[in-house]
Amino acid sequence: TGLPDSTCSGSGSLILTGNPVGGTFSGNGITGNNFDPVSLSGNDTITYSFTDSLGCSNMHYHTINVFVSPVPTITSGGPDTFCFGGAVILTTGSYNSYSWSDTLTTESITVTATGNYNVTVTDTNGCIGIATQSVIVNQLPVVSFTGLPDTMCVVGGNKTLTGSPSGGTFTGSGLNLNVFNPLSLPQGNYSITYSCTDSNGCINTQTHIVYVFLCTGIEALSAGSNSF
């Protein structure tokens with residue numbers, strides 16, 4: 001006993017029991033009383049031979065059909081390592097059913113988070129196969145800058161801006177590298193943005209809005225007229 005009519009090559013070994021005990025199993029995939037179909041396919045005949053105390057022998061034959069288990073692979077529709085906010089589509093081949101580690105049951109899934117993604121596929125013979133794909137999502141750098149007030153008189157002079165982490169780029173009206181001067185700007189709101197790229201190639205930005213107003217009277221005289 002212990003040997004079904006069919007099995008899958010990847011289903012693991014089976015323990016066989018002969019009657020009477022003390023006989024010998026033989027056939028492909030047999031080691032002692034264990035049958036392991038991992039390297040087999042198609043029909044395989046297993047024999048149990050027994051010799052009694054009188055020297056009389058008999059044999060029992062059982063034929064098992066071994067279906068080759070699927071060996072799925074996962075294909076990435078883009079880089080497996082990317083920055084937060086991105087995504088990659090993972091796809092396996094065409095099978096009867098799918099079960100991903102994130103509980104989805106489709107051929108393809110869209111991944112946005114770091115992790116190891118496993119898929120268990122089942123073919124038309126009921127045999128299963130498992131594949132794994134690792135995905136790494138790098139976090140964006142934490143970006144900020146200082147030195148820019150919320151409001152400025154048009155003749156308020158230079159404001160030196162300091163970005164963190166260093167090495168980024170300031171963009172916007174009234175800028176010369178990291179120095180803001182509103183002298184040439186009409187009255188209104190202006191967006192100043194600091195952008196920084198980290199060692200993983202991930203980019204993040206911070207934007208600050210400054211309101212530039214026209215100075216009049218004593219305020220204009222006291223503000224000065226520093227320019228680039």
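These values consider heavy atoms only, across backbone and side chains, with no hydrogens, waters or symmetry-generated copies. Each residue takes its place number in the sequence, starting with 1. All values reported here derive from a predicted model rather than from experimental measurement.
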Drop me the distance from [X]'s [atom1] to [Y]'s [atom2], to the nearest 0.5 angstrom.
X	Y	atom1	atom2	value
Q206	L148	CD	CG	10.0 Å
S13	N34	OG	CG	5.0 Å
S76	I89	OG	CD1	10.5 Å
C8	D123	SG	CG	6.5 Å
S6	N125	OG	CG	8.5 Å
C153	Q187	SG	CD	10.0 Å

Applying side-chain contact (heavy atoms from CB on, under 4.5 Å), name anything that partners [X], two or more places apart in sequence or on another chain.
X	value
N33	I15, F25
T160	N178, V179
I128	T120, T122

Results of ring-ring contact (aromatic ring centres under 6.0 Å, His included) for Y95 - residues two or more places apart only: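 If we apply the ring-ring contact (aromatic ring centres under 6.0 Å, His included) test to Y95, skipping adjacent residues, there are no hits.
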Using ring-ring contact (aromatic ring centres under 6.0 Å, His included) as the criterion, list what pairs up with F35, not counting sequence neighbours.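 ring-ring contact (aromatic ring centres under 6.0 Å, His included) list for F35, sorted by chain: empty.
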Under 3.5 Å, side-chain donor or acceptor atoms of residues 64-75 against the rest of the protein: list the pairs with distances, not counting sequence neighbours.
from, atom 1, to, atom 2, distance (Å)
S69, OG, S9, N, 3.4
S69, OG, G10, N, 2.7

Please, which pairs that meet side chain to side chain donor-acceptor pair (under 3.5 Å) have at least one residue in residues 35-54, sequence neighbours excluded?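 Output for this query lists N28-D44, T45-T63, T51-S57.
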Tell me, which pairs form a side chain to side chain donor-acceptor pair (under 3.5 Å) where one or both residues lie in residues 189-200, sequence neighbours left out?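 For residues 189-200: T193-T207.
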Taking only distance into account, with no hydrogens and no angle test, what donor-acceptor pairs under 3.5 Å do side-chain atoms of residues 129-147 form with protein atoms, sequence neighbours excluded?
from, atom 1, to, atom 2, distance (Å)
T132, OG1, N118, OD1, 2.6
Q133, NE2, D80, OD2, 3.1
S134, OG, N116, OD1, 2.5

Taking I209 as the starting point, is it possible to reach L161 by hopping between hydrophobic residues whose side chains are less than 4.5 Å apart?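 Hydrophobic grouping puts L161 apart from I209.
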Which atom names give the shortest non-hydrogen contact between [X] and [Y], and what distance separates them?
X	Y	result
M152	P149	CG-CG, 3.3 Å
L185	S173	CD2-CB, 3.8 Å
G172	I192	CA-CD1, 4.0 Å
C196	P165	SG-O, 3.9 Å

Give the intermediate values and the outcome of side-chain contact (heavy atoms from CB on, under 4.5 Å) for residues L40 and V38. CA-CA 6 Å; L40 305 178; V38 65; over 6 Å; no
Any donor-acceptor pair under 3.5 Å linking the side-chain atoms of H208 with those of D150?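 Present: a donor and an acceptor within the cut-off.
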Taking the side chain as everything from C-beta on, heavy atoms only, tell me whether [X] gets closer than 4.5 Å to [Y].
X	Y	result
F170	T162	no
F213	V154	no
V111	I109	yes

Is Y61 isolated, or which residues cluster with it under the ILVMFWY side-chain rule of less than 4.5 Å, directly or via members?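 Besides Y61, the hydrophobic cluster comprises M59, listed by chain and residue number.
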Dump the intermediate steps for side-chain contact (heavy atoms from CB on, under 4.5 Å) on L16 and I46, then the final yes or no. CA-CA 10 Å; L16 310 182; I46 304 302; 4.2 Å; yes
Suppose the criterion is ring pair (Phe, Tyr, Trp, His ring centres under 6.0 Å): which pairs have a residue in residues 1-24, not counting sequence neighbours?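 Checked against ring pair (Phe, Tyr, Trp, His ring centres under 6.0 Å) - neighbours excluded - no pair reaches residues 1-24.
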Going by the ring pair (Phe, Tyr, Trp, His ring centres under 6.0 Å) test, which pairs reach into residues 96-117, not counting sequence neighbours?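 Output for this query is empty, none listed.
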Between N181 and L183, is there a donor-acceptor pair closer than 3.5 Å when you use the side chain of the first and the backbone of the second?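 Between the backbone of L183 and the side chain of N181 there is a qualifying donor-acceptor contact (under 3.5 Å).
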Flag yes if more than 12 heavy atoms outside F84 fall under 6.0 Å of its CZ atom; otherwise flag no.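 Not more than 12 within 6.0 Å, no.
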